[in-house]
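Please read the structure below before turning to the comments.
In this text the structure is predicted, and so the values were computed from the model without any measurement. Side-chain atoms are counted along with the backbone in the values below, which use heavy atoms only and exclude waters and symmetry mates. Labels below follow one simple rule: chain letters A, B, ... track the order of the sequence lines, proteins then strands, and each chain is numbered from 1.
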Amino acid sequence: MRASLALAWVTLKEGFRERAFLGIMVFAFLLLLASGAIADLSIGNIIKVTQDLGLATVSLTALLLAFFMGTHLMAKDLDKRSIYMVLSKPIGRGHYIFGKYGGLATLVGISTALVTLFMLITTFYFYKTARLYTPPHVAWGKLILASLFIFLEASLILAVSLFFSSFTSSALLALFLTLAVYLVGQSTHQVMDFIKGPLGKKTSPIVKGIAKLAYYVFPDLSLMDLKSAAVHNLPMPPGDLIKAFIYALAYTLFLLIAATFIFKKREMK
Amino acid sequence: MKDPLHLQGPFDLWGTSVHLLWILVFLILILTIHQLHIRTTPIKGQALSPLPKEEVAKISALEFKSLLSDYYVMEVAQLFGGKRGNLGKTETLWMAKALDLAASLDPYYTEPYYFAGNVLPWYGAVDQVIPILKKGERFKKDDWRIPFYLGFIYYYFKKDPITGAKYLAMATRSPSVPSYLPLLVARLYSEKGHYSAAIAYLEGLYRSAQDPKVKGLIKKRLQALIIMDRLEKLAQEYKNRYGKLPKKPEDLVKVGMIRKVPPDPYGGKFYFKEDGTVWTTSSLRERKTTGKR
């Protein structure tokens with residue numbers, strides 16, 4: 001446990017020093033600064049557009065960090081052979097995976113919190129300065145909750161990236177596999193909706209079977225997407241939130257345990 | 001386990017991420033310049049960008065569906081602004097499709113419905129706008145404007161007062177409805193001779209009204225409509241007895257069907273139209289405007 005914590009701390013420090021981390025953060029802040037100007041191109045309730053852009057930025061930042069940092073930092077350990085230094089110490093490989101994950105998740109968490117804070121500040125600024133006949137209602141609490149679930153989604157993606165990194169030494173391959181899981185995980189729910197709808201009558205049973213299989217195997221990331229509900233101030237039933245939370249947590253834990261299992265079997269060159 | 005795919009070679013992840021970020025920044029820049037361009041220059045015969053199918057758009061937008069919806073609304077706003085309202089048929093149909101797509105991507109976003117309901121019917125896209133508004137009516141039940149637009153479109157563009165009145169009545173049941181709307185709807189009912197419907201509607205409204213001022217307004221209109229309904233029915237009875245419609249309400253007094261012509265609460269005078277329906281010189285308005293309609 002202590003070893004994992006120490007490793008997490010080192011990973012976190014290492015992550016903050018990465019140029020990719022800085023690049024992503026600068027990009028996020030620039031996008032948020034521009035959100036007011038971009039929203040101004042729309043009509044009517046431009047605060048809605050500002051909120052959409054803000055939450056999309058939070059989402060994009062968390063995901064980019066999960067994609068790049070997850071695959072990069074583990075590949076770097078293997079590439080620079082620094083992993084031998086760690087594993088030569090009395091640290092189990094399971095501790096290594098969980099420590100790495102802990103550090104990276106903290107990094108994504110801190111960044112998400114920072115970007116969320118900046119998103120709230122910019123939204124508040126545009127809310128106060130926009131000239132609208134009827135000031136729209138902004139559900140600040142729900143915006144924060146949506147950001148929290150974005151973090152949850154990114155943590156799951158992070159676990160996916162560690163899972164793939166546990167058996168491939170190529171950061172690029174792990175990145176592409178993670179990206180594939182993300183793309184499938186984002187669309188399975190939608191595809192299932194289409195199949196259940198009128199479009200489903202035209203779909204062949206094989207395609208339906210594949211879609212159903214994908215739906216049950218891949219993580220259903222749409223469960224963690226509260227962005228639209230937050231922007232439109234829709235009701236968020238606590239039961240659904242708890243279900244989504246447990247689902248993400250269980251899936252993440254399963255991936256980390258699987259990653260540990262594979263990593264233990266892995267031969268280090 | 002050896003790397004089965006031999007992908008272990010040196011790979012510069014930092015370089016790749018920087019490249020990806022640059023591509024992203026570049027794309028945003030292009031988009032902004034494109035937006036600013038169409039904002040400042042009037043479009044002359046510019047080809048409209050093809051719109052994807054709803055299913056394709058929904059899946060490819062991933063978790064950024066609202067953002068794509070915002071984008072289409074922006075495109076429509078820019079096109080409308082660029083054309084300064086001089087829309088051709090192609091542009092109108094394109095806008096209807098883009099707004100339909102925007103509404104499908106983010107069904108709780110009000111702007112696509114408002115823009116579609118307010119602007120496009122005037123350019124001929126009536127049949128395209130109705131399904132968009134009906135979609136909005138399903139998702140935004142508390143918004144009185146969507147059934148109001150639908151009611152107006154049916155009433156004015158489709159010449160279908162019955163469906164129009166149905167949607168207008170639906171609009172008046174919304175909690176956010178402005179106080180003038182129920183009276184307007186009752187007037188629409190009564191102008192087509194549906195007095196019984198209008199009376200029933202107003203009675204319901206009278207019972208549910210909270211504001212004493214509004215209650216007073218409804219009561220007055222209700223009184224007028226009850227008289228008009230009664231006069232219209234008596235005119236039919238007159239026709240059954242004498243084989244022709246009465247020319248004026250005083251004819252009913254002459255034959256003893258009523259003792260005197262009741263006064264219009266709005267200060268006007270009731271009269272029979274050629275088809276035997278009743279109207280008043282006040283047009284059920286508080287102040288007299290142009291007299292006879």
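No part of A/Phe67 comes within reach of chain B, as not one of its non-hydrogen atoms sits under 4.5 angstrom from that chain. Of the atoms belonging to B/Tyr109, heavy atoms from both backbone and side chain fall under 4.5 Å from chain A. Only the side chain of A/Asp225 comes within contact range of chain B, judged by heavy atoms closer than 4.5 Å. Contact annotation for A/Leu183: both backbone and side-chain heavy atoms come within less than 4.5 Å of a heavy atom of chain B. For a residue to count as touching a neighbouring chain, one of its non-hydrogen atoms must lie under 4.5 Å from one of that chain's; by this rule A/Leu55 does not touch chain B. Interface residue A/Leu63: only side-chain heavy atoms are found under 4.5 Å from chain B. Residue contact with chain A, scored on non-hydrogen atoms closer than 4.5 Å, involves the side chain of B/Glu111 exclusively.
Atom OH in B/Tyr71 sits 12.5 Å away from atom CD1 in A/Ile38 (nearest 0.5 Å). Atoms CG and OH, on A/Asn233 and B/Tyr108 in that order, are 12.0 Å from each other to the nearest 0.5 Å. Interatomic distance, A/Leu53 CG to B/Asp70 CG, rounded to the nearest 0.5 Å: 6.5 Å.
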task = Let me see the working for A/Ile43 and B/Tyr114 under side-chain contact (heavy atoms from CB on, under 4.5 Å), right down to the final yes or no.
result = CA-CA 10 Å; A/Ile43 40 167; B/Tyr114 292 177; over 6 Å; no

Please table the atom pairs, donor to acceptor, closer than 3.5 Å between any side-chain atom in residues 125-137 of chain B and protein atoms at least two apart or in another chain.
from     : atom 1 : to       : atom 2 : distance (Å)
B/Asp127 : OD1    : B/Lys158 : NZ     : 2.8
B/Lys134 : NZ     : B/Tyr154 : OH     : 3.2
B/Lys135 : NZ     : B/Asp100 : OD1    : 2.6
B/Lys135 : NZ     : B/Ser104 : OG     : 2.8

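Residues B/Glu55 and A/Val191 have side chains not in contact (no heavy-atom distance under 4.5 Å, counting atoms from C-beta outward). Between B/Met74 and A/Val49, some side-chain heavy-atom pair lies under the 4.5 Å cut-off.
For A/Phe29, the CZ atom is densely surrounded, since the number of other residues' heavy atoms within 6.0 Å is greater than 12. By the neighbour-count criterion of 12 heavy atoms within 6.0 Å, atom CZ of A/Phe16 is densely surrounded, having more than that number from other residues, nucleotides or ligands.
Pairing each heavy atom of B/Asp106 with each of A/Ser228, the nearest pair is OD1-OG, 3.7 Å.
Proximity to chain A among residues 62-69 of chain B is limited to B/Leu62, B/Glu63, B/Phe64, B/Lys65, B/Ser66, B/Leu67, judged by heavy-atom separations below 4.5 angstrom.
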